[in-house]
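Structure record follows, encoded as structure tokens.
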Amino acid sequence: MKIITINILFKLNYWTQRRDLLVEGLKAENPDIIALQEVSLTEDTAAWIAEQLNIPYIYKAVPQDVNNSDLPFGLAILSRFPITKTAALNLEHQGRIAQYAQVQLNDNTSVVICNGHYFWHPGSHKKRNQQIKLMLDWLAEFGEEVPVISVGDFNGTPDTSGIKLIKEKYRSAYEVYHGSEPEYTCPTLLGQDKLSWMKRLKYFWRRLIFDRSWKPWKGTLDYIFINQRLQVRECRVILNQPAANNRYLYPSDHFGIVADLEIVDSSIFLFHAETRRRRERLRGIIMLEIRVEL
């Protein structure tokens with residue numbers, strides 16, 4: 001099962017030029033499931049992408065319907081497998097939302113895909129932490145025996161408290177496969193040649209204030225997180241190359257992440273889960289004995 005996450009940027013300034021790059025890159029991966037953030041609501045970019053890729057099932061979540069927000073972008077999950085259950089979650093800050101779709105694979109196994117776009121603020125922030133906790137509690141309705149994937153633009157680098165919080169329960173597919181997170185997934189050079197001197201100055205001062213650096217910021221904000229029912233065959237950064245004739249034209253202002261995942265056999269999973277529980281019980285007994293002796 002191959003899944004992709006990508007923030008496609010809702011602004012339509014360069015959409016007609018970059019959309020072909022985006023679809024070309026997605027087609028090359030032949031994914032089973034695509035999670036999109038910043039889907040334009042005016043252009044319905046999710047429907048257009050699904051049509052180009054001949055993907056039959058779409059679940060789009062719109063902030064207006066979830067929390068009465070006027071955000072001009074939403075989320076979408078595109079799937080080649082039937083979607084059997086959907087839900088959306090109000091993340092309570094900045095009009096942000098998350099969505100999940102339960103999909104039925106060819107062997108009748110169900111997998112839950114959660115897609116979210118979280119609180120924007122440089123560095124750690126308690127409101128992003130609250131949103132991630134809301135998402136984790138929301139997905140807890142599915143038992144640990146259900147394969148769950150949580151993806152999206154988390155707007156937090158690996159060192160931030162929110163990402164550390166989600167890693168207490170889920171594993172990053174990229175980190176599992178490579179041993180560390182990507183160098184960066186955002187930003188690309190998209191549109192940088194068109195920036196006015198006023199905007200360049202604004203971004204320069206923002207870097208000085210938030211990053212305490214004059215160098216352009218780069219960081220990893222995009223992730224594919226998986227629970228213990230899944231293992232990683234492969235995981236890569238994709239959609240990270242500009243057009244052949246324009247170094248400032250990219251598919252988006254974010255790179256994408258693709259992961260080829262495999263469901264762990266239920267008997268093996270149950271064996272390892274029971275082993276972990278026994279280990280935790282034994283650790284608890286040892287700690288109790290140590291306290292008693294002290």
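The model shown is predicted, which means the values in this text are computed figures rather than measured ones. The first residue in the sequence is number 1, and the count goes up from there.
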Taking only residues two or more places apart in sequence, or in another chain, which ones meet Arg233 in a salt bridge (Lys or Arg N to Asp or Glu O under 4.0 Å)?
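Arg233 satisfies salt bridge (Lys or Arg N to Asp or Glu O under 4.0 Å) with Asp260, Glu262 once adjacent residues are dropped.
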
Quick check: closest heavy atoms across Ala101 and Ile83, and the distance to 0.1 Å?
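So the minimum-distance heavy-atom pair works out to CB-CG2, 3.9 Å.
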
What distance do [X] atom [atom1] and [Y] atom [atom2] have between them, rounded to the nearest 0.5 Å?
X	Y	atom1	atom2	value
Glu38	Ile8	CD	CD1	8.5 Å
Leu221	Trp120	CG	CH2	10.5 Å
Leu136	Tyr170	CG	OH	6.0 Å
Lys133	Leu165	NZ	CG	8.0 Å

Would a single hydrophobic cluster contain both [Y] and [X], if residues Ile, Leu, Val, Met, Phe, Trp and Tyr are joined by side-chain heavy-atom contacts under 4.5 Å?
X	Y	answer
Tyr250	Leu12	no
Leu89	Val146	yes
Ile113	Leu230	yes

Got a salt bridge between Asp44 and Lys60, using NZ or NE/NH1/NH2 to carboxylate O under 4.0 Å?
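Yes, this pair counts.
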
Of all pairs that satisfy side-chain hydrogen bond (donor to acceptor under 3.5 Å, both in side chains), the ones with a partner from residues 50-59, not counting sequence neighbours
none

Are more than 12 heavy atoms, taken from residues, nucleotides or ligands other than Lys167, located less than 6.0 Å from that residue's NZ atom?
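Yes, enclosed.
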
Heavy-atom count around Lys169 NZ within 6.0 Å, excluding the residue itself: above 12?
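Not buried by this count: 12 neighbours or fewer within 6.0 Å.
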
For [X] and [Y], indicate whether the former's side chain and the latter's backbone hold a donor-acceptor pair under 3.5 Å.
X	Y	result
Arg236	Ile257	no
Gln99	Thr86	no
Tyr223	Gly156	yes
Gln131	Phe119	yes
His178	Cys235	yes
Ser252	Asn7	yes

Could you pull out all residues at least two apart from [X] that satisfy side-chain contact (heavy atoms from CB on, under 4.5 Å)?
X	value
Asn68	Gln64
Asp65	Val62
Ser161	Ser124, Asn129

Centres of the Phe255 and Tyr184 rings: under 6.0 Å?
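They qualify: ring centres under 6.0 Å apart.
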
In terms of the angle between their ring planes, are [X] and [Y] parallel, tilted or perpendicular, with boundaries placed at 30° and 60°?
X	Y	answer
Tyr118	Phe154	parallel
Phe10	Phe73	tilted
Phe142	Tyr100	perpendicular

Taking the side chain as everything from C-beta on, heavy atoms only, tell me whether Val111 gets closer than 4.5 Å to Ile33.
no

Who are the ring-ring contact (aromatic ring centres under 6.0 Å, His included) partners of Phe81, not counting sequence neighbours?
none

If you measure only the distance, is there a donor-acceptor pair under 3.5 Å linking the side chains of Asn115 and Gln37?
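On atom types as modelled, these side chains qualify, holding a pair under 3.5 Å.
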
With salt bridge (Lys or Arg N to Asp or Glu O under 4.0 Å) as the test, would you mind laying out the steps for Lys218 and Glu183 before giving the verdict?
CA-CA 8 Å; Lys218 290 181 179 181; Glu183 180 186 357; 5.9 Å; no

